[in-house]
Chemist: 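Next up is a structure, given as structure tokens.
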Amino acid sequence: MRDNKKGISLSERLQEIASFVPKGARLLDVGSDHAYLPLYLLENGHIDYAIAGEVAKGPYSSALENVDQAGLSDHLDVRLADGLAAFTAADKIDVITICGMGGRLMADILEAGKAKLSLVKQLILQPNNCEDDLRLWLMTNGFAITAEKIVTDKQKYYEIIVAEQGQMNLSAVDLRFGPFLRQELSAVFKARWQKELSKLEQALMKIPEKNEEDRLVLKTKITQIKEVLDESTANY
Ligand code: SAM
């Protein structure tokens with residue numbers, strides 16, 4: 001959101017994401033919408049150059065307007081482009097943020113542009129769902145997760161995943177719950193999975209006993225959550 005006197009004020013979710021962007025990064029924000037994230041980082045002197053990439057004309061126009069209004073057109077290029085097509089080697093982008101979309105779409109965007117990723121030091125990703133699919137893409141494409149955080153904003157849970165070039169070997173449990181998140185077992189993490197557990201238990205009660213296969217899928221998910229959450233009580 002833009003307040004003309006104070007500049008951009010970010011949602012809690014975007015603020016948390018901003019806190020992971022290294023100072024002085026040359027940033028590409030894919031799916032930038034209003035370009036709030038790069039504008040905030042520029043206005044606060046955290047970075048000096050960014051590209052806001054957008055595939056849809058409406059958000060692209062909003063971003064252009066906001067950048068123009070902020071007088072930051074020399075520091076923030078708004079480009080109408082699909083995914084990683086928004087940058088070339090000449091832009092010297094070293095950090096990419098992709099936030100606020102589904103994990104599978106993010107994996108598709110990374111896959112489509114993966115030839116360019118060797119130029120990039122860090123990915124900062126905030127999937128709205130299918131986090132396991134995104135982690136799997138990272139693992140099978142030469143990226144290692146270096147940090148994770150789970151945050152709440154307006155009663156929703158969001159996972160932030162930071163990855164760099166490297167190797168990692170994640171178990172099925174790591175893929176689903178996040179290797180760092182499940183170790184940290186924060187209060188937000190526990191609340192998120194307790195909520196999911198209740199949802200799955202309710203769903204299980206509605207599936208007739210004869211639908212054994214469907215019940216087994218849910219039971220496996222439920223058991224996995226219980227095991228991860230039980231680790232929390234085991235630590236006390
Ligand atoms: N990143 C912002 C955030 O986290 O608040 C905006 C999220 S918004 C829900 C998702 C944006 O991604 C939309 O503006 C959409 O047009 C854009 N988008 C979706 N697919 C894209 C792609 N392949 N390339 C660039 N932008 C894309």
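Counting begins at 1 with the first residue of the sequence. Order of appearance sets the numbers: ligands from 1, and atoms from 1 within every ligand.
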Chemist: I'd like to know if the side chain of E43 and the backbone of I8 have a donor-acceptor N/O pair within less than 3.5 Å.
Modeler: yes
Chemist: N/O of D29 under 3.5 Å from N/O of ligand 1, yes or no?
Modeler: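 Between D29 and ligand 1 (N or O atoms, distance only) the closest approach is not under 3.5 Å.
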Chemist: Who's the nearest protein heavy-atom neighbour of atom 1 (N) of ligand 1, and how far?
Modeler: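 Protein heavy atom with the smallest distance to atom 1 (N) of ligand 1: G31 O, 2.8 Å.
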Chemist: Are Q126 and N128 close enough that a side-chain donor and a side-chain acceptor fall under 3.5 Å?
Modeler: yes
Chemist: Tell me which one of G100, P38, G113 gets a heavy atom nearest to atom 8 (S) of ligand 1.
Modeler: G100
Chemist: Return the minimal non-hydrogen interatomic distance between L181 and E148, and the atom names on each side.
Modeler: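 Heavy-atom minimum between the residues: N-OE1, 3.0 Å.
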Chemist: With atoms numbered from 1 as shown, which atoms in ligand 1 lie under 4.0 angstrom from a non-hydrogen atom of D82?
Modeler: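 The list of qualifying atoms is 22 (C), 23 (N), 24 (N).
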Chemist: I want to know if ligand 1 touches G83 in the polar sense, i.e. an N/O pair below 3.5 angstrom.
Modeler: yes
Chemist: Would you kindly specify which portion of T97 sits under 4.0 Å from ligand 1, judged on non-hydrogen atoms: side chain, backbone, both or neither?
Modeler: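 For T97, there is no contact with ligand 1 at all, from either part.
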Chemist: Should E54 be counted as touching ligand 1, given the test is an N or O pair under 3.5 Å?
Modeler: yes
Chemist: Within a distance under 4.0 Å of any heavy atom of A56, pick out the atoms of ligand 1 and give their elements.
Modeler: 16 (O)
Chemist: Against heavy atoms of D33, which atoms of ligand 1 measure under 4.0 Å?
Modeler: 6 (C), 14 (O)
Chemist: May I ask you to identify the nearest protein heavy atom to atom 27 (C) of ligand 1, giving residue, atom name and distance to one decimal place in Å?
Modeler: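 In this structure, atom 27 (C) of ligand 1 has V55 CG1, 3.5 Å as its nearest protein heavy atom.
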Chemist: Sub-3.5 Å donor-acceptor pair from the side chain of K92 to the main-chain atoms of R26, do we have one?
Modeler: no
Chemist: Decide whether L185 and F180 are clustered together by the hydrophobic rule: side chain heavy atoms of Ile, Leu, Val, Met, Phe, Trp, Tyr closer than 4.5 Å, transitively.
Modeler: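 Result: no, two separate clusters.
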Chemist: Is there a nitrogen or oxygen of S32 sitting under 3.5 Å from a nitrogen or oxygen of ligand 1?
Modeler: no
Chemist: Sub-3.5 Å donor-acceptor pair from the side chain of K116 to the main-chain atoms of L84, do we have one?
Modeler: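 At least one qualifying donor-acceptor pair exists.
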Chemist: Check whether R176 reaches the backbone of K221 with its side chain - one donor and one acceptor, N or O, closer than 3.5 Å.
Modeler: yes
Chemist: Who's the nearest protein heavy-atom neighbour of atom 4 (O) of ligand 1, and how far?
Modeler: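 Minimum-distance protein heavy atom for atom 4 (O) of ligand 1 reads R13 NH1, 2.8 Å.
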Chemist: May I ask you to check if ligand 1 and C99 share an N or O to N or O distance below 3.5 Å?
Modeler: yes
Chemist: For E212, is the CD atom crowded, meaning more than 12 foreign heavy atoms sit under 6.0 Å from it?
Modeler: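 Incorrect, the count does not exceed 12.
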Chemist: Of all the atoms in ligand 1, which lie at a distance below 4.0 Å from a heavy atom belonging to P59?
Modeler: 14 (O)
Chemist: Is it possible for you to say whether L175 and W193 belong to one hydrophobic cluster, with membership spreading through side-chain heavy-atom contacts below 4.5 Å?
Modeler: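 Unlinked, L175 and W193 end up in two clusters.
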Chemist: Take every heavy atom of H34, measure it against each atom of ligand 1, and state whether any distance is under 4.0 Å.
Modeler: no
Chemist: Between A81 and ligand 1, which part of the residue brings a heavy atom under 4.0 Å of the ligand: side chain, backbone, both or neither?
Modeler: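 The answer is the backbone.
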Chemist: If I apply the N/O under 3.5 Å rule, does M101 come out as touching ligand 1?
Modeler: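 No, M101 has no N/O under 3.5 Å of an N/O on ligand 1.
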Chemist: Under 4.0 Å from a heavy atom of I109: which atoms of ligand 1 are those, numbered in the order shown and with their elements?
Modeler: 22 (C), 23 (N)
Chemist: Under 4.5 Å between side-chain heavy atoms, hopping through other hydrophobics if needed: is there a path connecting I161 to V95?
Modeler: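 No, I161 does not connect to V95 through the hydrophobic network.
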Chemist: Donor-acceptor check, side chain of R182 to backbone of V228, threshold 3.5 angstrom: yes or no?
Modeler: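 Checking the backbone N and O of V228 against the side chain of R182, no donor-acceptor pair under 3.5 Å is found.
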